[in-house]
Amino acid sequence: MNRLEIPEWILLNNEIVDQDGNIKDLSKDKEAAYSYFVNEVNKKTQFFHSLEEKLNYLIKNEYIEEDFLKKYSFDEIKQVFDYAYSKKFRFPSYMGAYKFYNDYAMKSDDKSVYLERYEDRLSFIALYHADGDINRAMELIGRLIDQDFTPATPTLLNTGKKRRREFVSCFLLEIGDSLNDIARAEEFAMQLSKIGGGVSLHVSNLRAKGESIKGIKNVAKGVVGVLKLLDNAFRYADQMGQRPGAGAAYLNIFHADVEDFLNTKKLNADDDIRVKTLSLGLIIPDKFIELAREDKDMYAFYPKNIFDEYGINFGDMAVEMDNWYDKLVENPNIRKKKLNPRKLLDMIASVQGESGYPYLMFCDNVNGANPLNRPIKFSNLCTEILQPSELSHYADYDKRDEDIYGMDISCNLSSGHMGNMIKHNTIKETVFAAMDIMNSVSDKTNISYVPTIAKANKLMHSVGFGIMGHHGFIAENYISYGSDEDIELIDVFFNIINYYSLLHSMNKARETGNKFYRFEESDYASGKYFENRGPIYPSSPKIKEIFKDIYIPTNEDWSNLKEDVMKYGLYNSNRLAVAPNGSTAYVMSATPSITPVKQLIEERTYGNSKTYFPAPALDKAEFMYESAYKIDKYKLIDVIATAQKHVDQGISLELCITSDITTRELARYYIYAHHQGIKTLYYTRTQKLKLEECESCRV
């Protein structure tokens with residue numbers, strides 16, 4: 001493509017930086033967004049004389065469902081659309097506009113014409129999930145069009161469409177130790193991958209390499225064989241070639257196959273064992289950290305042998321390793337493999353440096369803070385989902401009535417824009433709106449072809465509200481990432497978020513009479529969860545100023561909430577989870593999640609052209625930004641640990657390192673994260689050192 005063929009908006013966007021990547025003219029980004037609208041969106045958007053004509057066309061041609069619109073009068077529908085358009089929303093960045101219209105906006109079947117604008121998509125979402133309540137629909141469209149929050153990608157993309165896919169796209173499955181269990185898990189993973197789902201699988205129950213099958217010793221192929229099956233399955237079920245399947249496998253570090261598991265991600269691994277696309281996660285109990293710290297030998301165990309001796313699945317036992325480890329070591333009937341935990345820690349760091357994997361889940365941190373009092377055994381593809389699961393067992397095909405359905409997990413998410421929620425003073429309203437939409441998604445979703453997913457969704461109503469825009473907001477307010485002021489901001493803000501998510505869930509339980517499954521066994525029911533919880537007030541002048549007009553729930557509010565929760569229950573078993581939300585952050589023109597930006601001006605390649613996304617407020621706060629690769633990792637961990645105190649599930653935390661870091665230094669980050677109560681670590685990303693690599697200096 002020569003320069004004359006490149007659209008004007010791309011040329012303008014590319015003028016943000018010079019040929020060496022230095023900032024040239026940030027104003028060109030808004031010019032690019034304007035040009036994109038005038039010359040692309042406006043020219044290719046289907047014209048309608050009226051809203052009525054638009055709706056009739058979309059319904060007649062089976063683009064939009066009719067049933068949810070029938071719950072309103074036409075005047076009510078028009079009220080929602082008119083309000084959305086009255087806000088005169090404009091994308092502040094070209095990337096935001098491009099991402100929405102390229103990936104989310106409804107198009108004609110041949111993809112040549114846009115059938116809706118951003119205002120239309122949000123109006124359909126508000127009307128659909130308000131379920132006929134016009135007052136609620138107006139509240140939802142207010143928070144959506146002000147970009148106080150956004151539903152997750154599958155909900156944003158599919159809501160209201162006649163030929164839609166599911167509203168959720170992230171799932172967790174636990175695999176039992178039989179060929180039937182493995183086969184059904186692979187089948188379910190492929191079915192979920194087919195609809196665009198990312199699937200995480202717990203493989204700790206699988207017998208290790210060399211264990212017995214039907215009494216015949218040394219014949220089991222171990223975990224790696226199943227990883228290869230799953231790797232191929234996800235690559236096969238790739239949405240007709242449009243998008244590669246995405247899967248992850250989690251293994252407890254005390255499983256005898258742990259070294260083989262890690263070896264599958266080494267760059268020089270033989271093709272017979274290497275898994276190319278499957279992500280890997282390690283489940284790490286406190287016992288491993290203790291053995292590594294004391295430089296003692298550790299023993300890994302064989303799951304089939306464990307089950308034969310105790311009748312307990314290894315995946316259930318291994319998340320309580322503090323209680324079991326000495327018993328297993330001392331039992332002469334238990335087969336063991338001796339390993340050096342420090343060398344294993346170095347191996348983990350080395351493999352992460354090569355591949356970014358494995359993810360790490362500190363299961364005792366997870367379960368120590370788990371108010372449900374039912375074990376959480378593994379996490380998802382982005383490491384923020386932490387919910388209990390129950391293992392299933394599948395009979396032979398001619399005995400399907402003997403199948404035992406446990407409970408697997410689906411991720412139903414949305415994310416608030418931290419800066420907008422604070423600036424608009426809409427924290428309560430935003431949490432309530434997001435919870436309403438997520439509950440609507442849960443109530444309207446029935447993935448019947450994976451019965452364990454459908455069962456858990458019906459019983460648990462688990463959701464995950466998260467946050468984006470943190471780094472952009474603090475930079476705009478001249479607060480350094482990880483500073484005392486930042487820690488205080490996070491502590492106050494997330495405490496308020498937690499309060500309102502609990503309040504909404506309690507109100508929903510009171511209104512419907514429905515509590516999540518086994519609520520009575522939880523720390524919510526006993527009131528234990530509320531011990532040492534209450535208002536957190538800002539103390540520094542800057543944070544006081546930020547919250548000066550924002551209501552902070554008082555001790556009395558928290559006390560009343562405790563009483564009401566104990567009396568009425570909670571509708572949702574889980575409420576909060578902070579996802580990496582990269583794609584929707586573009587649409588919201590926000591920095592993703594609560595982690596630092598990787599680049600001050602992010603570069604993406606689409607087709608034959610490059611697109612640049614400047615960090616928010618870069619024109620006036622460039623000097624306040626520090627790249628995730630350069631930022632003090634201990635400060636990063638402190639920020640996440642502060643938020644984690646208030647988040648019942650997890651927070652996606654990437655460690656971004658430079659190539660000169662040693663495996664020992666990386667291992668220190670693991671140990672510190674564990675010590676600070678971090679529940680999970682997501683990718684480790686490595687940046688190769690270059691001259692003038694410092695983002696803050698380079699630009």
Side chains of Y586 and E602: do they bring a donor and an acceptor to under 3.5 Å? yes
Pairwise side-chain contact, L391 with N313, heavy-atom cut-off 4.5 Å (strictly under): yes
Keeping the roles fixed (side chain from S379, backbone from I385), state whether a donor-acceptor pair exists under 3.5 Å. yes
Are any of the side-chain nitrogens in R518 or E521 under 4.0 Å away from the carboxylate oxygens of its partner? yes
CG (L144) and CZ (R121) are apart, to the nearest 0.5 Å, by 11.0 Å
Do NZ/NE/NH1/NH2 and the carboxylate oxygens of D408 and K455 come within less than 4.0 Å? no
Any donor and acceptor pair, going by atom type alone, linking the side chain of E429 with main-chain N or O of F432 inside 3.5 Å? no
Measure the CD-CD1 distance between E76 and I134 for me, rounded to the nearest 0.5 Å. 5.0 Å
Using modelled atom types and a 3.5 Å cut-off, is there a donor and acceptor pairing between side-chain atoms of N102 and backbone atoms of Y98? no
For side-chain contact (heavy atoms from CB on, under 4.5 Å), just list the numbers for M421 and T430, CA-CA rounded to whole Å, side-chain angles, deciding distance to a tenth of an Å, and then say yes or no. CA-CA 7 Å; M421 292 166 70; T430 300; 3.8 Å; yes
Chi angles and distances behind the side-chain contact (heavy atoms from CB on, under 4.5 Å) call for N365, Q644: CA-CA 11 Å; N365 284 354; Q644 186 65 82; over 6 Å; no
With distance as the sole test, does N574 use its side chain to make a donor-acceptor pair with the main-chain N or O of V463 at under 3.5 Å? no
Six-ring centre of F149, R143 cation under 6.0 angstrom, axis tolerance 45°: no
Roughly how far apart are N425 CG and K428 NZ, rounded to 0.5 Å? 11.5 Å
With the side chain counted from C-beta on, respond yes when S522 and Y529 share a heavy-atom pair under 4.5 Å apart, and no when they do not. no
Under 3.5 Å: donor-acceptor pair, side chain of D133, backbone of N135: yes
For the residue pair R164 and F167, would you count it as a cation-pi contact if the rule is NZ or CZ under 6.0 angstrom from the ring centre and within 45 degrees of the ring axis? yes
Spacing of CG belonging to D181 relative to CG belonging to D403, to within rounding of 0.5 Å: 9.0 Å
Side-chain H-bond candidate by donor/acceptor type, T150 with T584, under 3.5 Å: no
Does a side-chain heavy-atom distance below 4.5 Å link P553 with W558? yes
Hey, is NZ on K458 packed in by over 12 heavy atoms from elsewhere, all under 6.0 Å? no
Ring centres under 6.0 Å, that's the criterion: do Y571 and F516 meet it? no
Minimum side-chain heavy-atom gap M407-R374 below 4.5 Å: yes
Tell me if the centroids of the rings in Y683 and Y357 come within less than 6.0 Å of each other. yes
Contact between L227 and L280 at the side-chain level, heavy atoms closer than 4.5 Å - yes or no? yes
Sorted by chain and number, sequence neighbours left out, side-chain hydrogen bond (donor to acceptor under 3.5 Å, both in side chains) with S505 holds for N572
State, yes or no, whether a side-chain contact exists between M361 and I376 at a heavy-atom distance under 4.5 Å. yes
Rounded to the nearest 0.5 Å, the CG atom of D231 sits from the OG1 atom of T277 at a distance of 4.0 Å
Determine the sole option in N252, L173, I175 for which the side chain to side chain contact (heavy atoms under 4.5 Å, CB included) test with V203 is passed. I175
Ion pair present between R685 and E654, side-chain N to carboxylate O less than 4.0 angstrom? yes
N581 vs S593, test: side-chain hydrogen bond (donor to acceptor under 3.5 Å, both in side chains). Steps then yes/no. CA-CA 6 Å; N581 52 43; S593 191; 5.0 Å; no
Run the numbers on D557 and I552 for side-chain contact (heavy atoms from CB on, under 4.5 Å), then give the verdict. CA-CA 9 Å; D557 292 326; I552 297 176; over 6 Å; no
I'd like to know if the side chain of N439 reaches the main chain of I437, judged simply by a donor and an acceptor atom lying under 3.5 Å from each other, with no hydrogens or angles considered. no
Cut-off 3.5 Å, side chains only: do E511 and N507 have a donor facing an acceptor? no
Given the ring of F530, does R533 sit roughly above its face, with NZ or CZ under 6.0 Å from the centre of the six-membered ring and within 45° of the axis? no
Indicate yes or no for a side-chain donor-acceptor contact from S392 to the backbone of G406 under 3.5 Å, with no hydrogens or angles considered. yes
Checking the side chain of T445 only, and the main-chain atoms of S442 only, is there a donor and an acceptor separated by less than 3.5 Å? no
Extract all donor-acceptor atom pairs below 3.5 Å that involve side chains of residues 123-132 and protein atoms in other chains or at least two apart in sequence.
{"residue": "S123", "atom": "OG", "partner": "E119", "partner atom": "O", "Å": "2.8"}
{"residue": "H129", "atom": "ND1", "partner": "S440", "partner atom": "OG", "Å": "2.7"}
{"residue": "H129", "atom": "NE2", "partner": "T159", "partner atom": "OG1", "Å": "3.0"}
{"residue": "D131", "atom": "OD1", "partner": "K71", "partner atom": "NZ", "Å": "2.3"}

Could you go step by step and tell me if Y83 and I145 meet the side-chain contact (heavy atoms from CB on, under 4.5 Å) rule? CA-CA 9 Å; Y83 182 83; I145 196 64; 4.1 Å; yes
Backbone N or O of A590 within a donor-acceptor pair of the Q147 side chain at under 3.5 Å? no
Within the 6.0 Å centroid threshold, strictly below: Y118 and Y104: no
Pick out which of H417, M418, M468, H471 makes a side chain to side chain contact (heavy atoms under 4.5 Å, CB included) with T591. H471
Would you say the ring centers of Y517 and F519 fall short of 6.0 Å from each other? no
Measuring from atom CD of Q649 to atom OG of S573, what distance do you get when rounded to the nearest 0.5 angstrom? 7.5 Å
Looking only at side chains, do Y63 and R163 share a donor and an acceptor under 3.5 Å apart? no
Of all residues at least two apart in sequence or in a different chain, which pass the ring pair (Phe, Tyr, Trp, His ring centres under 6.0 Å) check with F378? H202
Are D523 and N373 close enough that some pair of their side-chain heavy atoms sits under 4.5 Å apart? yes
Using side-chain heavy atoms (C-beta onward) and a distance below 4.5 Å, is H461 in contact with M438? no
